[in-house]
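Data block below; observations after.
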Amino acid sequence: MNIEPIRKFLSHEAGPFAQFVKYGAIGVASTCVQTGIFYVLAATVLKCLGPDDWAVRFAGLPAVELADGVRAVRAAVATAGGFVVANVFCWLMNRRFVFRPGRYRWFVELGMFFGTATLATVIALAVQSVLIRYAGLMTTAAVLIEVLVSFLVNFFVRKFVIFKG
């Protein structure tokens, strides 16, 4: 079996399409890390899943009755809890498989990576909170929209500002 095409795909020499595919795959894995932590916190420590939430109905997670404002704050805290672990994982994987590191020293790059992730998360959390608090959207649906907004902001800043390409 010739593994050279796989090696090239996983390397920094892969073209823009492969780069986007790898970024997306790492994004999915990072999102799973963040979402897993979110639901552990949302179901246990922060208890912010309402009775109509998909995670309650389909995964059997425990529900609580809370005012939408309290639920929005707790959901934001649970999201932030997954943020740190997921972003360290994402940074390491992107350096290894997607973007060429070296434009900045590693600690500057990591700081910019987290700064970008923080900006994207703040924007996405604002959208999530508005959707929960003012539109009455269920927590899980708002989180899905938060993930999409965050993904788009992160990709463009990381590709064109932080890494060499």
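Hydrogens, waters and symmetry mates play no part in the numbers below; they use all other heavy atoms, side chains included.
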Do other residues, nucleotides or ligands put more than 12 heavy atoms under 6.0 Å from the CZ atom of F58?
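Correct, the count exceeds 12.
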
CZ of R57: more than 12 outside heavy atoms within 6.0 angstrom?
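It does: R57 CZ has more than 12 such atoms within range.
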
Which value, rounded to the nearest 0.5 Å, describes the distance between [X] atom [atom1] and [Y] atom [atom2]?
{"X": "L137", "Y": "I132", "atom1": "CG", "atom2": "CD1", "result": "7.5 Å"}
{"X": "S11", "Y": "R100", "atom1": "OG", "atom2": "CZ", "result": "8.0 Å"}
{"X": "F9", "Y": "F97", "atom1": "CZ", "atom2": "CZ", "result": "10.5 Å"}
{"X": "D53", "Y": "T140", "atom1": "CG", "atom2": "OG1", "result": "3.0 Å"}

Side-chain heavy-atom pair [X], [Y] within 4.5 angstrom cut-off:
{"X": "V153", "Y": "T121", "answer": "no"}
{"X": "F20", "Y": "V98", "answer": "no"}
{"X": "R74", "Y": "R71", "answer": "no"}
{"X": "V64", "Y": "C48", "answer": "no"}
{"X": "I145", "Y": "L131", "answer": "yes"}
{"X": "R133", "Y": "V73", "answer": "yes"}
{"X": "Y23", "Y": "F99", "answer": "yes"}
{"X": "V88", "Y": "M93", "answer": "no"}

Which heavy-atom pair separates [X] from [Y] by the least distance, and what is that distance?
{"X": "N87", "Y": "F113", "answer": "O-CE2, 3.5 Å"}
{"X": "I6", "Y": "M1", "answer": "CD1-CE, 4.2 Å"}
{"X": "L49", "Y": "A55", "answer": "CD1-CB, 4.3 Å"}
{"X": "A43", "Y": "P62", "answer": "O-CG, 3.3 Å"}

Any chain of hydrophobic side-chain contacts (each under 4.5 Å) joining [X] to [Y]?
{"X": "M112", "Y": "F83", "result": "yes"}
{"X": "F114", "Y": "V149", "result": "no"}
{"X": "I26", "Y": "L10", "result": "yes"}
{"X": "V77", "Y": "V122", "result": "no"}

Is there a donor-acceptor contact under 3.5 Å from the side chain of [X] to the main chain of [Y]?
{"X": "T44", "Y": "V40", "result": "yes"}
{"X": "D52", "Y": "M138", "result": "no"}
{"X": "H12", "Y": "R95", "result": "yes"}
{"X": "N154", "Y": "S150", "result": "yes"}

Kindly determine whether E109 and W91 satisfy side-chain contact (heavy atoms from CB on, under 4.5 Å), including the steps that lead there.
CA-CA 9 Å; E109 180 185 277; W91 176 67; 3.0 Å; yes

Decide side-chain contact (heavy atoms from CB on, under 4.5 Å) for V143 and Q128; before the verdict, give the C-alpha distance in whole Å, the side-chain angles of both, and the deciding distance to 0.1 Å.
CA-CA 6 Å; V143 167; Q128 173 185 290; 3.6 Å; yes

Show, in sequence, the C-alpha distance, side-chain angles and deciding distance for Y39 and T139, and conclude whether the side chain to side chain donor-acceptor pair (under 3.5 Å) test is met.
CA-CA 11 Å; Y39 279 113; T139 305; over 6 Å; no

Charged N-O contact under 4.0 Å between E65 and K47:
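Here E65 does not pair with K47 in a salt bridge, since their nearest N and O are not under 4.0 Å apart.
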
Stepwise side-chain contact (heavy atoms from CB on, under 4.5 Å) test for T79 and L125
CA-CA 8 Å; T79 299; L125 282 175; 3.7 Å; yes

Determine whether L148 and L144 satisfy the following criterion, side-chain contact (heavy atoms from CB on, under 4.5 Å), listing intermediate values before the conclusion.
CA-CA 7 Å; L148 176 63; L144 292 173; over 6 Å; no

